[in-house]
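Model, not experiment: these values are computed from the prediction.
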Amino acid sequence: MKNTGKYTRQFFEAPKTSMKWAEKPYIDKAPIWCSVDLRDGNQALITPMSLVEKLEYFAELVRLGFKEIEIGFPAASETEYDFCRTLIEKGLIPDDVTIQVLTQSREHIIEKTFEALRGCKNAIVHLYNSTSAAQREQVFHKTKEAITDIAVSGAELCKKYREKYSGNYRFEYSPESFTGTEPEFALEICNAVLDVWKPAPDDKVIINLPVTVQLSMPHIYANQVEYMCENLKYRENVIVSLHPHNDRGCAVADTEFGLLAGADRVEGTLFGNGERTGNVDIITLAMNMYSQGVDPELDLSNIPGIVEFYTRVTGMNINERQPYSGTLVFAAFSGSHQDAIAKGLKWREENSDTHWNVPYLPLDPNDIGREYESDVIRINSQSGKGGIGYILETRFGYDLPKKMREAVGYLVKSISDHKHKELMPDEVYNIFRTNYVDIITPLNIISAHYKQNGCITAEVEIMLEGAKSCVSAKGNGRLDAVSNAIRECTGIDYSINAYTEHALEVGSASKAVSYVEVLSGTGKSFWGAGVDDDIVTSSRKALVSAINNMMNAQQNEAQSQN
């Protein structure tokens, strides 16, 4: 294949460890399982689950035996918040089940997270920030020290807010993109967080080591995990957790090796649903243990029933060859296979063998409810401004300013959240056009003429709520002069805070698009865009759109207060 040279190893090998994990032949006990279906899995669905579906899914996870369940990111959206509150207020969380919620290291998000948890008996607050070399350099432009400060600050805030609420709240920290982080730095930042939380026998802390992107062979990850296990502070009071994704198809192997290397806990999903190629498949992991005679402490005795439930609620399909769960995993089409299986079953019956050892069948299908005989950027409420901005730029030519992307992103996410559906690119574009581009009510400029005598004078014909006015005003440029005319006509208190423009298309006949941000008298930000063959006219339209958005918002706010 071409371009092999562009790919280099992105992982960092751990300093030499004892590699004791490599001497262990199998995993001898079940880890602490934490399902992340309702957060990591849900955000990877084309159409995220509704509140009713999430409640049903939560109940199924409890029935299967999960004692720790990550339910979402309650500060991220209304649906996430409401789900958390519904579980608590309706008493749907058994006393022996702990819910887990995700939060970034930002105070308003942490505050809302704890607010969402009020009244909860048992909860894990899961703090994370990305630590990888690539993200530090390319995304955050921050030093290791600055990244550590983010984590430590978040840990301190979590500790501060825990003191304000009653309940058994434990902490978890994830150095996101752990596998792309220098092990020494990952250890340093985790230890810094631990120094804030000071775990104790009755207040253990979870340190989660996510394979956010799979970058190496499983033994490399095992060495990274073992290095952390051997060097973390307060180790006897730290629960080391694994959260592998499956980019290289090695999530199960990563997890099994990581458990051998000393980890205590696994975060994963049913059938491996998750971002990109998915999370680790807990059912496969658990059944691997079961097939080795280890009780996984999950009830997987009716996998077909679990498959039916899962596909109905999530809309996802299970591949026919999915280990243990696919419809064809026990099917034998080869005559020689069929013969060997039949003879093996007969031999087992005749010899009353209590141990399973049938050719081609790693376990008894009857034990999991089976029978021998029959046997790219898409937008929804979880999306970020980057994805929404990307679609508007690549599909429709609008290169929004960074701050405007954030405003548009919140709107699009809110609409998707309330409709509870994925939004196609055309729908995203229509939301943008309807709410930001060439808005002409209640204010519109019918015409504008300019004269230059040292400064710019604009003769502007303005329509405001059906009433026409002609206003003359001066400014240090055409847009400033028009803005002054609008102020004189309307008496509105605002200021222009940002202005950018670009060609909407390539070529001499291209239209121009302009973006304007205005700040109201109270400092609130409002954006508008304008499109026209003439750049001056497009800038004027953008200003009018922004002002209209401000006026409409103020009117709606006033009406809601009456």
Side-chain angles (χ1 to χ4, degrees), residues 26-42 49 52-71 87 91-100 121-122 124 239 241-244 251-252 255-256 259 263-274 278-314 316-319 322-327 329-330 354-356 361-372 374-375:
Y26 60 91
I27 298 164
D28 59 6
K29 66 177 181 178
I32 301 167
W33 299 111
C34 178
S35 161
V36 294
D37 292 80
L38 293 168
R39 195 276 301 174
D40 209 338
N42 185 54
M49 287 179 276
V52 171
E53 289 167 335
K54 292 186 82 171
L55 291 170
E56 186 179 2
Y57 206 112
F58 181 84
E60 177 69 3
L61 292 171
V62 171
R63 187 193 69 77
L64 294 176
F66 286 94
K67 302 302 181 184
E68 295 182 1
I69 301 171
E70 187 168 80
I71 63 168
L87 288 173
L92 301 176
I93 308 170
D95 289 345
D96 63 344
V97 172
T98 299
I99 62 170
Q100 179 170 303
K121 293 180 182 178
N122 301 297
I124 296 168
I239 297 169
S241 178
L242 310 175
H243 184 118
V252 169
T255 307
E256 292 181 331
L259 289 171
D264 313 291
R265 180 178 184 266
V266 173
E267 294 186 350
T269 60
L270 302 182
F271 309 109
N273 179 44
N279 288 45
V280 67
D281 177 3
I282 284 182
I283 289 181
T284 298
L285 273 172
M287 293 308 305
N288 283 355
M289 294 179 192
Y290 180 75
S291 67
Q292 296 288 303
V294 177
D295 183 0
E297 300 179 9
L298 294 174
D299 182 4
L300 305 178
S301 58
N302 183 16
I303 285 183
I306 302 170
V307 169
E308 185 282 326
F309 165 82
Y310 172 82
T311 56
R312 175 175 57 80
V313 175
T314 67
M316 300 289 285
N317 295 316
I318 303 301
N319 188 278
Q322 178 95 352
Y324 304 104
S325 309
T327 57
V329 295
F330 295 113
T354 58
H355 296 283
W356 185 263
L361 293 179
L363 54 78
D364 186 345
N366 282 331
D367 288 341
I368 59 173
R370 305 291 291 272
E371 298 178 358
Y372 299 125
S374 53
D375 299 358

Does the side chain of [Y] come within less than 4.5 Å of [X]'s, by heavy atoms?
X	Y	answer
Y324	D281	no
D40	H243	yes
D37	E60	no
Y290	D367	yes
L87	L55	yes
I306	R63	yes
K67	I32	no
Q322	I283	no

Heavy atoms only: give me the nearest [X]-[Y] pair and the separation to one decimal.
X	Y	value
L38	K54	O-NZ, 3.5 Å
I368	P304	O-CD, 3.1 Å
P296	A30	O-CB, 3.5 Å
L300	A286	CD1-CB, 3.7 Å
I282	C34	CD1-O, 3.9 Å
L285	W33	CB-CH2, 3.9 Å

- prompt: Once the angle between the rings of Y310 and F271 is folded into 0 to 90°, is it parallel (under 30°), tilted (30 to 60°) or perpendicular (over 60°)?
  reply: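 Rings of Y310 and F271: tilted, as their planes differ by 30° to 60°.
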field: E267 with R39: basic N within carboxylate O range, under 4.0 Å
entry: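 No.
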